[in-house]
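Here's the structure we're looking at; comments come further down.
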Amino acid sequence: MTTMLQSILLWLLYLSSFYAFIPSLISRLFGFRVFRRGKSETHYALTFDDGPDPLYTPRLLELLRKYNVKATFFVVGEHAASHPELIRRMHEEGHLIGIHNYIHKTNWLMRPRTVRDQIDRTGQIIQEITGEKTCYYRPPWGIMNLFDFFSKKDRKIILWSAMFEDWKCSVGTEQLKKRMLNKLKGGEVMLLHDRGTTLGADAHAPEQMLEALEALLQEAERRGLESVRVDTLMNGSSITELSSVVARQEVEPRLKLKLWKRTVVALWLGWEKLFHWAYHLRAASSKDPMLHFRSRVYHGARVEMEHGYVMQNGDPIIELHFDNQTLFELGVTSRSTMHLAIRMIRTMEQQLPELAQIVAADPELRSAKALYGVSMINRGPEKFGFTVQELAPGPFSLASKLYLRMLLSVIHPAGQKRLKQRTDQLVPKMIVMPVEELLKRYGQQHHTVASGVTEQAEDDSFVIENEVLTEQN
């Protein structure tokens with residue numbers, strides 16, 4: 001499949017998803033019409049989707065009672081109807097019950113009236129069992145449509161701030177514990193699952209979740225943190241907590257964006273999520289997912305790199321992509337062009353060695369000819385071992401130029417002013433590095449990284465051209 005055809009198919013998918021994709025994206029990014037994180041320093045919320053389950057939900061309730069904590073259950077209507085005794089028990093033990101549709105089907109694929117029927121039917125089941133109405137709703141997979149977006153205000157949509165892939169047995173108990181403990185702090189809304197029969201889930205995955213959850217509850221007790229219902233977390237905040245938020249904002253100033261820029265950012269970040277999902281991109285670092293990559297076949301003209309290496313049409317390559325969310329955060333919190341450039345350089349210094357370790361351990365990646373990316377660049381990546389070359393003229397080059405100029409105007413501290421300076425240099429270029437060079441430079445535990453790069457960033461001529469703003473190809 002050619003690069004152009006890939007781009008066309010992705011754009012068609014993007015346009016066809018307007019019904020649900022844009023509402024979901026705006027809610028995720030700006031919190032419009034949804035709750036996803038609290039402000040408490042001592043309280044967090046455990047939320048469980050897809051249940052109730054006759055095997056795992058009773059064990060989960062016992063565990064919550066053992067540690068005397070409360071949680072929120074977003075139940076599937078057909079499961080609630082089949083196990084009313086579990087819904088009744090949740091209610092009697094003081095947990096909050098919310099709606100997760102009557103069947104576990106994405107709102108993306110349902111008409112507004114169908115979604116409304118799903119919610120109303122599940123709400124009626126819960127009310128008949130508990131005697132109380134619920135206004136809390138979590139759409140399956142967190143995907144909203146225009147109906148959810150503009151629905152009546154008495155429905156409270158709850159998303160999450162942390163999820164852990166607990167629906168997959170392949171994650172393993174120890175890794176799941178690690179992920180959950182890393183997110184254990186006040187204000188978090190944690191997404192977990194007490195049923196493994198949903199499409200894409202493993203039937204026995206809740207077994208691992210329960211073991212990891214007990215470790216989390218033990219550690220939370222040690223730290224003085226408490227799991228509360230979502231409605232409690234939504235209503236709880238203090239003067240001290242608000243002051244701490246203000247203090248953090250003063251330490252890290254944030255660029256205020258106009259509405260049109262926020263819209264552009266929303267579309268841009270949404271495009272990335274769609275691209276990552278479609279092409280299964282991997283992160284070089286799980287702790288700081290800035291650099292992403294995928295394995296693919298190169299389609300293009302012959303490229304000559306340093307030390308006699310050559311990349312030709314049909315060669316396997318590792319395509320690089322920056323995490324747009326992280327890049328945006330760096331842009332809007334950087335005090336100046338220099339600050340942004342230095343922060344990006346330091347990120348690359350940290351991530352290239354981690355990428356080298358992944359490549360060295362994976363035979364498929366190890367057999368690739370080169371690392372490949374597209375960037376708005378003049379100088380900088382050479383210091384890391386990349387070769388910089390012009391893109392061949394054509395539709396892709398033109399589209400990349402327009403995209404990256406728009407992106408730079410939004411995330412760069414200097415905004416539109418930067419585009420008026422040395423505009424002849426603001427063109428997308430290809431950056432390539434032989435895999436052998438990557439392993440040679442960064443494969444050792446004690447490597448020398450881009451000697452002098454950070455110092456050169458302080459030179460007036462070494463500004464934002466050092467950004468590696470990779471474009472999805």
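Any value given below was found using the heavy atoms of this structure, including those in side chains, with hydrogens, waters and symmetry copies removed.
- Here the closest heavy-atom approach between residue Leu159 and residue Arg138 is recorded as O-NH2, 2.6 Å.
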Next item on the list: Before giving the answer on side-chain contact (heavy atoms from CB on, under 4.5 Å), spell out for His204 and Tyr56 the whole-Å C-alpha distance, their side-chain angles and the decisive distance to 0.1 Å.
Entry: CA-CA 9 Å; His204 302 295; Tyr56 294 111; 3.5 Å; yes

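- The nearest pair of heavy atoms linking Asp194 to Pro206 is C-CG, 4.1 Å.
- A cation-pi contact links Arg121 to Tyr102, judged by a cut-off of 6.0 Å to the six-membered ring centre and 45° from its axis.
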Note to self: Determine whether Arg195 and Asp50 satisfy the following criterion, salt bridge (charged side-chain N to carboxylate O under 4.0 Å, His left out), listing intermediate values before the conclusion.
What the structure shows: CA-CA 6 Å; Arg195 191 181 184 101; Asp50 301 354; over 6 Å; no

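- The nearest pair of heavy atoms linking Val230 to Ala45 is CG2-CB, 4.1 Å.
- Considering Ile158, Asn101, Val34 as possible partners of Tyr137, the one that fulfils the side chain to side chain contact (heavy atoms under 4.5 Å, CB included) test is Asn101.
- Between the side chain of Thr42 and the backbone N or O of Leu225 there is no donor-acceptor pair closer than 3.5 Å.
- Contact between Ala284 and Ile358 at its shortest, heavy atoms only, is O-CD1, 3.4 Å.
- Once rounded to the nearest 0.5 Å, the distance linking CE of Met90 with CD of Glu85 reads 9.5 Å.
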Note to self: Apply salt bridge (charged side-chain N to carboxylate O under 4.0 Å, His left out) to residues Glu93 and Arg89 and explain how you reach the verdict.
What the structure shows: CA-CA 6 Å; Glu93 294 184 4; Arg89 180 177 172 184; 2.8 Å; yes

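- The shortest side-chain heavy-atom distance between Leu371 and Phe293 does not fall under the 4.5 Å cut-off.
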Note to self: Assess the residue pair Arg222 and Glu219 against the criterion (salt bridge (charged side-chain N to carboxylate O under 4.0 Å, His left out)); give the C-alpha distance rounded to whole Å, side-chain angles, the decisive distance to 0.1 Å, and a yes or no.
What the structure shows: CA-CA 5 Å; Arg222 189 186 70 80; Glu219 178 63 17; 2.5 Å; yes

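- For His104 and His100, the gap between ring centers is short of 6.0 Å.
- Between Lys183 and Tyr44 the shortest side-chain heavy-atom distance does not fall below 4.5 Å.
- In this structure a side-chain-to-backbone donor-acceptor pair under 3.5 Å is present from Asp53 to Leu55.
- In terms of modelled atom types and a separation under 3.5 Å, the side chain of Ser40 and the main chain of Gly187 share no donor-acceptor contact.
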Next item on the list: Take Val228 and Lys70 through the side-chain contact (heavy atoms from CB on, under 4.5 Å) test and state the conclusion after the steps.
Entry: CA-CA 5 Å; Val228 297; Lys70 304 304 177 187; 5.5 Å; no

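- Minimum interatomic distance between His79 and Gly51 (heavy atoms only, all atoms of both residues): CB-O, 3.8 Å.
- Here the shortest heavy-atom pairing between Leu365 and Ser295 reads CD2-CB, 4.0 Å.
- Between Trp160 atom CH2 and Phe74 atom CZ the span is 10.0 Å, to the nearest 0.5 Å.
- Formation of a donor-acceptor pair under 3.5 Å by the Thr72 side chain with backbone atoms of Arg229 is not found in this model.
- Side-chain contact between Phe384 and Tyr442 is present, with at least one heavy-atom pair separated by less than 4.5 Å.
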Next item on the list: Would you check, one step at a time, whether the test side-chain contact (heavy atoms from CB on, under 4.5 Å) holds for Lys105 with Thr114?
Entry: CA-CA 11 Å; Lys105 184 177 181 180; Thr114 305; over 6 Å; no

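- If you take CD1 on Ile129 and CD on Gln124, they are separated by 11.0 Å, rounding to the nearest 0.5 Å.
- Distance check, rounded to the nearest 0.5 Å: CG of Leu355 to CG of Leu439 gives 9.0 Å.
- We find the OH-CD distance between Tyr67 and Gln218 to be 3.5 Å, quoted to the nearest 0.5 Å.
- You'll find the side chain of Ile317 reaches within 4.5 Å of the side chain of Arg296, heavy atoms only.
- With a 4.5 Å cut-off on side-chain heavy atoms, Thr198 and Asp49 do not count as touching.
- Panel note: side chain Arg223, backbone Leu184; a donor-acceptor pair is recorded below 3.5 Å.
- The shortest side-chain heavy-atom distance between Ile97 and Glu132 does not fall under the 4.5 Å cut-off.
- Inter-residue side-chain proximity for Val75 and Leu86 is flagged as unmet; no heavy-atom pair is nearer than 4.5 Å.
- Counting only heavy atoms from C-beta outward, the side chains of Arg179 and Asp166 never approach each other to under 4.5 Å.
- Considering CG of Leu210 and CZ of Arg59, their distance stands at 5.5 Å, rounded to 0.5 Å.
- For His95 (side chain) and Ala71 (main-chain N/O), a donor-acceptor pair under 3.5 Å exists by modelled atom type.
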